[in-house]
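All values below were derived from every heavy atom in this structure, side-chain atoms included, with hydrogens, water molecules and symmetry-related copies excluded.
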Amino acid sequence: MFVEKDQPIEKEEIMEYRNTKKCVTISIVVCTMNRPNDLKECLRSIENQNYFPHEVIIVDASHDNSSKEIVRNYITNNPFNVQYIKTNPGLTRQRNIGIAKATGDIIGFLDDDVILEKMYLYEIASCFEDYSSIYGATGNILNLPKRKTSESLYYKIFMFNRNSNVGSITKAGFPNFISGQASNRNRFTRILSGCNMFYRKNVFEDFLFDEYFEGYSLMEDAEFSYRISQKYKLMYVSDAKLVHHHSPSQRINLKRYFEMTVLNHNYVFKKLIKKSNLDWLFYLWSNVGVLFIGLYWTIKEKNINPMIGLMRGFRKITSA
């Protein structure tokens with residue numbers, strides 16, 4: 001494609017040039033469980049991309065064949081390869097299975113309840129093609145809730161700091177993701193959001209997902225990407241836009257959620273952060289904040305399960 005000097009280039013022209021002249025290939029792994037309707041919308045948004053993936057691998061832990069039927073219909077209508085794999089539940093296990101099957105230069109992971117904007121994969125591909133030093137990338141989630149000033153202050157006081165302009169794990173052991181509210185430009189980051197994260201294939205020669213994290217696998221994305229960031233550069237790509245619906249289907253109950261928060265927070269802190277007595281102080285202080293959140297949800301829901309979950313979690317880590 002020849003363009004006269006100073007002539008504006010339309011994105012459609014860039015897309016045509018990139019698809020015919022560039023050679024990066026993207027494998028997308030979608031891990032799913034009992035969410036056929038969400039999966040259908042996610043796959044439809046992949047189908048509508050201006051930059052097609054090399055392949056889509058669906059790793060399904062559903063209890064029935066509803067998602068399999070969705071994939072069967074999807075396979076017949078696309079120019080790229082689609083694989084379907086049936087397996088037992090466990091997000092990190094499912095992701096590792098997808099890695100073993102993927103053949104693209106870039107291997108990406110999408111939650112089954114995300115909807116990609118049309119240029120999403122184009123922007124991700126551009127990142128890897130334009131920056132040879134970048135080995136991982138995540139996009140801009142458009143529908144993250146805006147926190148009230150009081151809530152943001154609470155998160156800072158207890159060292160949660162979720163969704164800001166700093167992408168890392170806090171000294172207390174909680175993930176601090178970059179969000180579109182805080183950044184409208186590309187930034188280096190040390191953690192990637194699990195609902196949409198992409199890595200060069202050779203990263204997986206040294207790294208796999210930690211299968212300590214079971215089921216819903218809270219914080220597995222931060223733990224995995226933080227480990228990788230100690231060797232490779234990662235990037236938040238502001239123009240790679242998507243919506244994450246957080247489907248209510250198959251969400252764990254509050255008792256299990258708060259238990260998992262305590263257990264996984266403890267695991268991540270000990271594995272990646274713990275270096276000094278001061279770090280322990282930060283960790284313990286953040287758990288005070290977790291207790292108050294559990295109390296808030298107990299009162300809000302008029303249900304003791306959040307506190308039961310917290311107590312179970314604390315009992316397990318203190319008796320280990």
Side-chain angles (χ1 to χ4, degrees), residues 14-32 39 42-60 71 74-87 91-112 114-140 186 192-209 220-221 224-225 227-229 231-237 239-242:
I14 298 175
M15 192 66 250
E16 178 184 355
Y17 175 74
R18 188 171 295 278
N19 270 335
T20 56
K21 300 296 184 182
K22 301 289 184 177
C23 60
V24 65
T25 57
I26 298 178
S27 296
I28 296 176
V29 177
V30 181
C31 300
T32 188
L39 178 64
C42 175
L43 294 178
R44 183 176 295 169
S45 75
I46 298 173
E47 183 180 28
N48 290 333
Q49 291 295 294
N50 283 349
Y51 189 100
F52 283 140
H54 165 65
E55 62 187 351
V56 176
I57 302 167
I58 293 90
V59 186
D60 181 23
V71 176
Y74 183 71
I75 288 175
T76 60
N77 297 316
N78 287 290
F80 44 83
N81 183 40
V82 179
Q83 295 186 55
Y84 175 86
I85 302 168
K86 186 77 172 182
T87 187
L91 181 58
T92 50
R93 185 184 308 112
Q94 288 174 257
R95 283 179 167 167
N96 286 335
I97 289 171
I99 290 167
K101 296 293 184 181
T103 59
D105 303 321
I106 309 299
I107 302 176
F109 304 89
L110 296 177
D111 279 5
D112 55 11
V114 303
I115 304 295
L116 309 179
E117 289 203 349
K118 260 192 170 183
M119 297 296 291
Y120 176 91
L121 286 182
Y122 164 77
E123 298 295 347
I124 292 294
S126 297
C127 173
F128 285 107
E129 291 177 340
D130 296 343
Y131 302 97
S132 60
S133 64
I134 296 300
Y135 278 75
T138 191
N140 181 353
N186 291 357
L192 307 183
S193 174
C195 74
N196 76 116
M197 56 182 175
F198 291 74
Y199 300 94
R200 295 190 190 274
K201 185 176 176 62
N202 60 333
V203 165
F204 300 102
E205 295 172 5
D206 301 317
F207 299 93
L208 288 173
F209 287 92
E220 46 76 34
D221 51 355
F224 180 65
S225 52
R227 276 192 286 131
I228 293 172
S229 74
K231 182 175 181 178
Y232 299 112
K233 290 182 179 179
L234 311 178
M235 182 169 279
Y236 163 87
V237 184
D239 286 337
K241 298 175 181 178
L242 71 156

List in chain and number order the residues that pass side chain to side chain donor-acceptor pair (under 3.5 Å) with [X], two or more places apart in sequence or in another chain; answer none if no residue qualifies.
X: Ser193; result: none
X: Ser229; result: Arg190
X: Tyr131; result: none
X: Thr32; result: Asp112

Could you check if a side-chain atom of [X] sits within less than 4.5 angstrom of a side-chain atom of [Y], using non-hydrogen atoms only?
X: Asp221; Y: Phe109; answer: no
X: Ile28; Y: Leu121; answer: yes
X: Val203; Y: Ile228; answer: yes
X: Thr25; Y: Thr103; answer: no
X: Cys127; Y: Asn186; answer: no
X: Leu43; Y: Val82; answer: no
X: Val114; Y: Tyr120; answer: no
X: Phe128; Y: Phe198; answer: yes

Looking at every heavy atom in both [X] and [Y], which two are closest together, and how far apart are they?
X: Val237; Y: Ala137; result: CG2-CB, 4.0 Å
X: Val24; Y: Ala125; result: CG1-CB, 4.1 Å
X: Ser133; Y: Lys233; result: O-CB, 3.5 Å
X: Lys231; Y: Asp206; result: NZ-OD2, 2.7 Å

_Contacts of type salt bridge (Lys or Arg N to Asp or Glu O under 4.0 Å), residue Arg200, not counting sequence neighbours_ =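 Residues passing salt bridge (Lys or Arg N to Asp or Glu O under 4.0 Å) with Arg200: none at all.
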
In Å, rounded to the nearest 0.5 Å, how long is the span from [atom1] of [X] to [atom2] of [Y]?
X: Ile107; Y: His54; atom1: CD1; atom2: NE2; result: 10.0 Å
X: Tyr51; Y: Ile26; atom1: OH; atom2: CD1; result: 5.5 Å
X: Tyr84; Y: Ile58; atom1: OH; atom2: CD1; result: 9.0 Å
X: Phe80; Y: Glu47; atom1: CZ; atom2: CD; result: 6.5 Å
X: Leu234; Y: Ile134; atom1: CG; atom2: CD1; result: 7.5 Å
X: Glu123; Y: Leu116; atom1: CD; atom2: CG; result: 12.5 Å

Is it the case that the side chain of [X] and the backbone of [Y] share a donor-acceptor pair, with hydrogens and angles ignored and the cut-off at 3.5 Å?
X: Gln94; Y: Val59; result: yes
X: Ser45; Y: Ile115; result: no
X: Thr138; Y: Asn196; result: yes
X: Asn50; Y: Met119; result: no
X: Lys201; Y: Ala102; result: yes

*Parallel, tilted or perpendicular: which fits the ring planes of Phe204 and Phe224, with parallel below 30° and perpendicular above 60°?*
parallel

*Close aromatic pair by centroid cut-off 6.0 Å: Phe207 and Tyr135*: no

*Mind running side chain to side chain contact (heavy atoms under 4.5 Å, CB included) on Val56 and Ile46 for me, showing each step along the way?*
CA-CA 9 Å; Val56 176; Ile46 298 173; 4.0 Å; yes

*Residue pairs involving residues 93-109 (criterion salt bridge (Lys or Arg N to Asp or Glu O under 4.0 Å); sequence neighbours excluded)*: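 Applying salt bridge (Lys or Arg N to Asp or Glu O under 4.0 Å) to every pair that reaches into residues 93-109, excluding sequence neighbours, yields Arg95-Asp111, Arg95-Glu220.
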
